Amino acid sequence: MYTKRMSIQHFFTSRRLFWWLFVFIAINWLGYAIIEYLSCGFATWDTGAHIQPVIHWALYGEYADKLLLVNHPFLNHFRPALLLLAPIVNIFPTMLVIHIAKIMAFLLVPLQFLHYGKKYKLKLWAYALPILWLLHDVLMTVMFAENQATTLTLPLIVWAFFCAYEKKYRTMLIPCVAMIFFKEIMPIIWVCLGLFIWVEQRQTRWAVGLICAGIIVGLTIYLGVIPWFGQGQANHQQEGLAPLDFLGLKLGMLIRAYLSMGFFVIVWPRVLIYTLPLYSVYLLGGYGVYRAFFLGSHNHDFTTTFLFCCGFYVLKQTLEGKSLFNPQLKWQRQLVKTVVVILCIIGVSKLPIIRVLTEPGKIVAGYHTANAAKQLRAQLNPQFKLFVTPALLDYFIDFRHIRSLDNKHYKTILTQDGPFYIIMPSDSRLYKMRKDVVQEYKSIITQHAQQQWCSVTTVQQHADYSVVLAKYTQGVPMAEKKRLATLFARF
């Protein structure tokens with residue numbers, strides 16, 4: 001038993017292992033992003049929705065959401081900081097830019113923890129959190145998610161926390177202010193930092209000021225700034241309070257979240273006071289935040305990062321003998337060891353290289369389809385609207401009149417006046433939307449071509465994979481519009 005325990009300890013305290021792992025993980029994520037770019041891996045929701053307004057602002061001076069079709073991009077989310085990517089997407093107008101920015105943010109965080117671990121003389125334990133970060137189950141899920149804005153703030157969260165830890169409160173305001181421009185939810189971090197300062201440092205003035213400022217700024221953005229830019233249109237993310245819905249799932253979410261950090265609340269219980277507010281939006285929400293109850297998608301990027309920061313604090317207290325952790329108690333050693341090992345095994349199973357090795361057919365199909373899509377670009381009239389399915393959107397995102405054919409908008413596309421294009425892949429694995437809708441679209445387009453209401457072109461660079469282009473120079477007759485409206489009403 002002693003040998004096993006020491007081997008696990010050595011794993012999380014090895015300098016050599018960390019650097020090999022860091023390089024391996026960096027190659028994994030960067031390589032995976034490039035493969036996704038070359039094989040129709042990016043999608044409209046949410047990557048396209050994040051970067052399209054930035055690309056069109058850089059290319060055409062139009063900061064407009066042309067995919068969700070709301071009055072202003074802020075009605076989707078408040079993220080003006082993404083405009084910092086404008087100089088880059090002006091040269092490379094692709095979703096790959098924001099994916100690489102996300103990877104860079106993810107990779108910067110373990111280096112920050114390593115820096116502070118060495119600064120505060122954690123010795124070999126300085127490598128524990130950085131290694132866990134690189135293999136963490138929840139963060140693997142975050143990195144695969146088609147959502148980037150909050151993930152870009154992760155280094156800012158770490159910086160703000162350590163400024164608070166070092167009582168550099170004025171410096172702390174720099175990352176605190178910066179992070180709110182990535183998403184309206186980020187003032188929650190202000191509240192959590194304020195509670196940390198109050199509970200652990202007893203600096204009441206700064207604590208109360210930061211908590212109140214976080215609440216005021218958050219509500220101002222959500223109830224004032226976003227509606228003002230929306231010009232009367234309802235917030236796309238608006239949802240009523242539902243604190244009593246899904247109580248079991250919400251409790252399970254909290255247990256799973258704290259369990260992912262070795263359940264350190266057992267040895268430092270007051271950490272609950274300044275971490276529970278992280279989950280306030282999910283605890284007060286309902287079906288609109290349903291995925292968060294399973295730690296799915298991107299929802300737990302900023303929450304898990306703050307838990308890691310608190311994990312650093314608890315580790316420091318533990319090494320100084322101040323926490324409730326007793327290394328002589330077998331059950332405590334076993335709990336930490338078991339949880340961490342399971343998390344790392346799950347994390348390894350989610351590595352990008354595993355996904356690449358298990359989906360070679362889809363990658364090959366995506367590669368040939370992407371090449372066909374790029375070839376198709378030269379045939380398009382830039383004055384036409386382009387309705388493109390999610391997996392193909394990145395190859396046309398720089399067109400001024402780009403639109404999205406997806407599960408949100410398919411009902412009204414065929415009933416509007418021309419001119420417009422509809423662009424779809426032939427391979428069903430690349431739809432990234434309801435298959436029955438795409439199949440119905442293909443059937444309708446074939447009928448319209450027979451009636452000479454549209455022309456259909458198939459572009460392919462491989463016998464098995466192609467892109468279908470339907471060109472409508474004008475709308476279909478009114479009788480057909482009524483028929484289509486009735487048809488899609490049944491979907």
Side-chain angles (χ1 to χ4, degrees), residues 40 42-73 75-76 89 93-95 233 236 369 372-425 430-434 437-438 440-442 444-449 451-459 467-478 480-482 484-485 487-488:
C40 302
F42 302 152
T44 305
W45 310 108
D46 290 328
T47 305
H50 281 202
I51 201 65
Q52 175 271 311
V54 180
I55 291 175
H56 285 224
W57 186 70
L59 296 178
Y60 309 114
E62 298 172 355
Y63 188 55
D65 190 322
K66 300 178 182 179
L67 304 178
L68 191 61
L69 297 178
V70 290
N71 287 344
H72 194 276
L75 283 171
N76 188 354
V89 298
T94 167
M95 299 182 201
Q233 189 175 11
H236 171 62
T369 303
K374 294 171 187 176
Q375 181 181 336
L376 178 64
R377 288 173 54 93
Q379 302 181 28
L380 302 178
N381 184 335
Q383 301 305 316
F384 281 37
K385 289 182 181 178
L386 282 75
F387 293 95
V388 187
T389 51
L392 294 178
L393 188 91
D394 191 36
Y395 309 113
F396 305 95
I397 197 168
D398 57 329
F399 278 73
R400 189 169 194 169
H401 302 292
I402 187 68
R403 297 292 186 273
S404 179
L405 167 54
D406 54 51
N407 292 333
K408 302 175 187 289
H409 301 111
Y410 68 87
K411 292 187 177 184
T412 59
I413 291 173
L414 285 168
T415 58
Q416 62 182 278
D417 296 329
F420 62 86
Y421 297 111
I422 294 176
I423 303 175
M424 300 177 291
L430 304 176
Y431 290 168
K432 291 197 175 181
M433 60 179 294
R434 288 175 52 180
V437 172
V438 179
E440 189 66 42
Y441 256 70
K442 289 183 177 180
I444 293 170
I445 287 170
T446 300
Q447 297 171 25
H448 288 181
Q451 296 290 334
Q452 297 184 346
W453 294 334
C454 74
S455 60
V456 179
T457 305
T458 300
V459 179
V467 174
V468 177
L469 170 68
K471 178 181 179 181
Y472 287 80
T473 55
Q474 57 186 355
V476 297
M478 183 57 66
E480 177 66 4
K481 290 182 180 181
K482 292 180 179 179
L484 291 174
L487 172 67
F488 285 122

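Predicted model only: the values in this text are computed from it and were never measured. All heavy atoms count here, side chains included; hydrogens, waters and symmetry mates do not.
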Worksheet item: Minimum heavy-atom separation for Ile397 to Ile402, with atom names?
Response: O-CG2, 4.1 Å
So do the side chains of [X] and [Y] get within less than 4.5 Å of each other, counting heavy atoms only?
X: Leu75; Y: Leu68; answer: no
X: Met424; Y: Leu392; answer: no
X: Leu67; Y: Lys408; answer: no

My understanding is that only residues two or more places apart in sequence, or in another chain, count here; which of them pass side chain to side chain contact (heavy atoms under 4.5 Å, CB included) with [X]?
X: Ala64; answer: Lys66
X: Pro390; answer: Ala43, Thr44, Asp406, Lys432, Met433
X: Gln375; answer: Val459, Gln461
X: Ser455; answer: Lys471

Run the ring pair (Phe, Tyr, Trp, His ring centres under 6.0 Å) test against [X] and tell me which residues pass, sequence neighbours left out.
X: His56; answer: Tyr60
X: His409; answer: none
X: Tyr410; answer: Phe488

For [X], what residues pass the side-chain hydrogen bond (donor to acceptor under 3.5 Å, both in side chains) criterion, not counting sequence neighbours?
X: Glu440; result: none
X: Lys481; result: Asp417
X: Lys411; result: none
X: Gln474; result: none

Practice prompt. Determine whether more than 12 heavy atoms belonging to other residues, nucleotides or ligands lie under 6.0 Å from atom NZ of Lys374.
Written response: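 Buried by this count: over 12 neighbours within 6.0 Å.
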Practice prompt. Tell me, yes or no, whether the heavy-atom count around Trp57 atom CH2, taken from other residues, nucleotides or ligands under 6.0 Å, exceeds 12.
Written response: no
Below 3.5 Å, can you tabulate the donor-acceptor pairs from side chains in residues 377-386 to any protein atom, sequence neighbours excluded?
from	atom 1	to	atom 2	distance (Å)
Arg377	NH1	Tyr395	O	2.7
Arg377	NH1	Asp398	OD1	2.9
Arg377	NH2	Asp398	OD2	3.0
Asn381	OD1	Gln383	N	2.9

Fill in: Option passing side chain to side chain contact (heavy atoms under 4.5 Å, CB included) with Pro93 (candidates Ile55, Asp394, Ile51)
Ile55
Worksheet item: Would you say the side-chain atoms of Asn407 pair up with the backbone N or O of Arg434, donor to acceptor, closer than 3.5 Å?
Response: yes
